[in-house]
Amino acid sequence: MDNRFDKITDRKGTNSYKWDSADDKRVLPMWVADMDFPTAPAIVEALQKRVAHGIFGYTRVPDTYYRAVTEWFSRKHGLHINKDWIIYTSGVVPALSAIIKALAKSGEKVIVQTPVYNCFFSSIRNNGCETLYNNLIYADRTYHIDFDDLERKASDKDAKLLLLCNPHNPAGRVWTRDELKRIGEICIRNGVTVVADEIHCELVYPGNTYTPFASISDEFLAHSVTCVSPSKAFNIAGLQIANIISADANVRAKIDKAININEVCDVNPFGVVATESAYNEGEEWLSQLLIYLKSNYDFMLEYCESHLPQFPINVLEGTYLVWMDCSVLGFTSEELEHLLIEKASLWLNAGSMYGPSGEGFMRWNIACPRETLIDGLSRFKSFVDKNMR
């Protein structure tokens, strides 16, 4: 295992949203989904070279950028993208908001598979649309899709979009090809466009395979829009860059118009440079990262089974976000979030922020050095020992 990921990097005082948001500096943040590892050296070197130039004017996105994106997804994931299908923007959340604005009218409905990434809800709400909940089925420390309920929700005449999280945050699922086919067949049959948030697509562990929704068939490609970014896998979220992929020229034109209405049509030079470097030179670093993240999960699983047996964690197929059932404590998720900060100096995400079906759960971010993970688990165990009802 590559021990470079064991190094503790002090992020306090860097205006880190994750590390500098708590008033109490003793709080250990294991909430926001960014990593506590420096990004790939090749990315750092490319950025340093760009900074040395000293001029940071408005940025043109070059052909080399599109080539890096298309070649990576073709080689790594079997998703063959034409350059013209790509619309760049400042992040996946702005992308989702623009897509909803483009493809759904105010008052129409958007399906989400909860518990799911909290910004799905705000993107739907901010565009005047209504959320339809296709709650996932929780059993044996994992989640499955309720296809009968999905069929009912998709058949609603006002349902226009399904926001698909693939791999899924916070459930940790990497949807199988068969699961994705069933989703697509239901949505296409009912005239629902699939909007696939695939930002975690590189963070998949052995025994699981990420399948881009749009790669399954030409029909799936035509009835979907995909959002991707190197930000999660390479820890460059602050560089603000993402890509929307749509093969349909009419759909693309609507999205491009919405991108401009929302004023998220420009990106910065560092995001462009980092994306090219990540996809062209970052693969070896990424492979070592995945080994380390999997070892962190294995450590946490063993720790919880030994010391916290009443707090089962999800089977983690992808992402670095661990979903823990804390219902035995008897607190609401929001109460527990505040109590952990106050009494254990530990900040986790309340499960309820991912939809009502997330109540009773907490989300951990384990993309950190092992020493930090051990510290967080120890703080949690101390809290449990004092507060079990």
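In this structure, the side chain of E359 engages the main chain of S333 through a donor-acceptor pair within 3.5 Å. Formation of a donor-acceptor pair under 3.5 Å by the D197 side chain with backbone atoms of L163 is not found in this model. Judged purely by atom type and a 3.5 angstrom limit, N127 has no side-chain atom pairing as donor or acceptor with the backbone of C129. Although no hydrogens or angles enter the test, the distance criterion places no donor-acceptor pair under 3.5 Å between the side chain of D36 and the main chain of I8. A donor-acceptor pair under 3.5 Å is absent between the side-chain atoms of S327 and the main chain of G360, judged by distance alone.
Note: Y143 and W175 fail the aromatic proximity criterion, with ring centroids not under 6.0 Å apart. Side-chain rings of F311 and F380 approach one another, their centers coming within less than 6.0 Å. Between W285 and F5, the gap from one ring centroid to the other is short of 6.0 Å.
Under the 30°/60° scheme for interplanar angles, the aromatic rings of Y117 and F120 are found to stand perpendicular. Taking the six-membered ring for Trp and thresholds of 30 and 60 degrees, W323 and Y354 have ring planes more than 60 degrees apart, a perpendicular arrangement. Using cut-offs of 30° and 60° for the angle between ring planes, the Y279 and F73 rings count as perpendicular. Note: Y17 and W31 have tilted aromatic rings, judged against thresholds of 30 and 60 degrees for the angle between ring planes.
Legend: residues meeting side chain to side chain contact (heavy atoms under 4.5 Å, CB included) with K153, ordered by chain and number and at least two apart, are I111, L132, D149. Listed by chain and residue number, nothing satisfies the salt bridge (Lys or Arg N to Asp or Glu O under 4.0 Å) test with D178 (two or more places apart in sequence, or in another chain). Every side chain to side chain contact (heavy atoms under 4.5 Å, CB included) that T14 has, sequence neighbours left out, goes to R11, S16, D20. For the salt bridge (Lys or Arg N to Asp or Glu O under 4.0 Å) test, residues two or more places apart in sequence or in another chain that qualify with D385 are K381.
Criterion: ILVMFWY side-chain heavy atoms under 4.5 Å apart, direct or through other members. Under it, F361 and V322 are not part of a common hydrophobic cluster.
The side-chain hydrogen bond (donor to acceptor under 3.5 Å, both in side chains) pairs that include a residue from residues 84-104 are S97-S123, where partners are two or more places apart or lie in different chains. Sorted by first and then second residue, the side-chain hydrogen bond (donor to acceptor under 3.5 Å, both in side chains) pairs involving residues 233-258 (not counting sequence neighbours) are Y65-N243.
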- Message: Using salt bridge (Lys or Arg N to Asp or Glu O under 4.0 Å), reason through E283 and R75 one step at a time and then give a plain yes or no.
- Response: CA-CA 12 Å; E283 189 167 356; R75 178 172 56 83; 2.7 Å; yes
